[in-house]
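This report refers to the structure that appears directly beneath it.
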Protein chains: 2
Amino acid sequence: MHLTKGFEQAACIVAMLATQEKGIPVSSGVINATLGGSATYLHKIMRKLVVGGLINSVSGNSGGFTLAKEPAEINLLEVYHATEGPVDTFPDNGFFKRAFKDFASLATEADAAITNVFHQADSRWAAYIGSMTVQDILWETFKVQEIPLVDWNEIVQEQQNKN
Amino acid sequence: MHLTKGFEQAACIVAMLATQEKGIPVSSGVINATLGGSATYLHKIMRKLVVGGLINSVSGNSGGFTLAKEPAEINLLEVYHATEGPVDTFPDNGFFKRAFKDFASLATEADAAITNVFHQADSRWAAYIGSMTVQDILWETFKVQEIPLVDWNEIVQEQQNKN
DNA sequence: GAATTCGTACTCGGATAGTGCTTGTCCGAGTCCAGCCGG
DNA sequence: CCGGCTGGACTCGGACAAGCACTATCCGAGTACGAATTC
């Protein structure tokens with residue numbers, strides 16, 4: 001039971017955009033240079049985040065992506081939903097229904113029992129993830145209330161000038 | 001983030017063995033006839049459960065598998081561990097470390113922050129799963145304290161005689 | 001000053017690896033049972 | 001008649017390899033926007 005690599009990238013992207021100076025979009029090229037990996041796969045992730053309402057895209061020259069909401073208003077569950085869909089760990093293939101179908105006709109009850117357990121467990125998982133905002137993560141990282149802002153475009157540019 | 005099909009089968013197998021009359025092993029052939037699916041894949045699952053100490057195997061004629069512990073002493077987390085390994089949803093591919101490596105050298109802190117969040121969420125998920133025993137599931141199913149026992153071997157035999 | 005061209009950046013679709021789950025096949029090892037054999 | 005041996009039948013155990021689904025990656029064409037160019 002692993003989250004996808006794409007989710008980790010998505011979370012990282014949101015964290016980057018949260019430390020980006022207000023009003024300046026970060027291009028996907030800059031994000032790709034920072035994170036590494038596939039540029040085109042990154043585009044798919046960005047698209048999901050846009051559709052999910054977490055980030056905005058700006059077309060045209062010196063365009064890119066900006067955070068759609070305040071870091072305090074974005075939690076990790078939203079990132080999860082945007083990239084991976086609903087939280088549903090138990091794949092009901094109907095094994096219980098099939099096994100207990102001739103057992104006092106309790107197939108439905110058995111299936112409901114196990115399904116409910118995992119539904120409850122998922123709720124607890126999702127609730128915790130949902131209580132953690134991007135701001136919380138950054139506070140934990142920087143140890144200060146004031147999150148420092150930078151322009152990632154410049155950082156990448158400086159990097160590339162060195163080489 | 002889905003559990004594997006194999007896990008659902010494993011849980012179902014344990015439930016079957018928990019309703020099996022004491023002392024009589026259930027053969028893998030009978031289990032396969034009840035659950036359907038691949039017989040060979042079933043063997044692998046059974047093996048994992050044996051290695052995990054959840055069930056015992058009996059060789060020889062009229063052999064099979066029996067529950068190694070009381071239903072009240074087997075929880076779903078054990079089934080999970082036996083079939084899927086440790087609970088670890090967040091795949092740390094080091095994107096955070098890479099992204100924040102030139103950001104006030106807080107790469108480790110950022111990585112630890114996000115990793116910790118998911119570790120906490122996983123703990124809550126695992127704790128709930130771990131608090132649910134096979135007995136609880138069966139109580140929920142049968143609505144009675146006394147779990148009815150049957151001999152699955154006979155049930156399958158009767159089924160096959162019909163056809 | 002208005003239309004055209006051009007470059008940058010996002011958008012979309014499909015094609016191609018890579019990984020892990022699922023399934024199938026084969027042979028070996030352990031156990032039980034029935035029947036044979038010798039006493 | 002009785003005990004032990006022996007072969008067959010049944011079961012689990014483990015090593016391979018093939019199929020499949022999903023993730024991840026790559027490639028190319030299309031669209032929108034702003035800026036420079038041109039008339």
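Lettering follows sequence order; numbering is per chain, from 1.
- Of the residues near DNA chain C, A/Asn61 and A/Ser57, the one whose nearest nucleotide (by heavy atom distance) lies more toward the 5' end is A/Asn61.
- Ring centers of A/Phe65 and A/Trp152: at least 6.0 Å apart, outside the cut-off.
- Nucleic acid contact for A/Val58: sugar-phosphate only, since backbone atoms but no base atoms lie under 4.0 Å from a heavy atom of the residue.
- With no hydrogens or angles considered, no side-chain donor-acceptor pair links A/Trp125 and A/Thr89 at under 3.5 Å.
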Margin query: Does the protein touch nucleotides 15-25 of chain D at the base, only the backbone, or not at all? Give it as B, S and - per nucleotide, heavy atoms under 4.0 Å.
Written below: -BB------SB
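- For B/Phe118 and A/Tyr80, the gap between ring centers reaches or exceeds 6.0 Å.
- Close approach of DNA chain C to chain B, defined as any atom under 4.0 Å from a non-hydrogen atom of the protein, starts and stops at C/dC21 to C/dC32.
- Taking the six-membered ring where tryptophan is involved, the planes of B/Phe96 and B/Phe100 are essentially parallel, since the angle between them stays under 30° and well short of 60°.
- Residues A/His43 and A/Ser28 bring a donor and an acceptor atom of their side chains to less than 3.5 Å of each other.
- Residues B/Asp111 and B/Thr108 have side chains that never bring a donor and an acceptor to within less than 3.5 angstrom of each other.
- Using a 4.0 Å heavy-atom distance criterion, A/Gly64 is classed as a sugar-phosphate-only contact.
- Sequence order on DNA chain D of the closest nucleotides to A/Ala39 and B/Val51 puts B/Val51 first from the 5' end.
- Residues A/Lys97 and A/Glu109 are not paired through a salt bridge, judged by the lack of any N-O separation under 4.0 Å between the basic side chain and the carboxylate.
- In this structure, CZ in B/Phe7 is found 7.0 Å from CD in B/Glu84, a value given to the nearest 0.5 Å.
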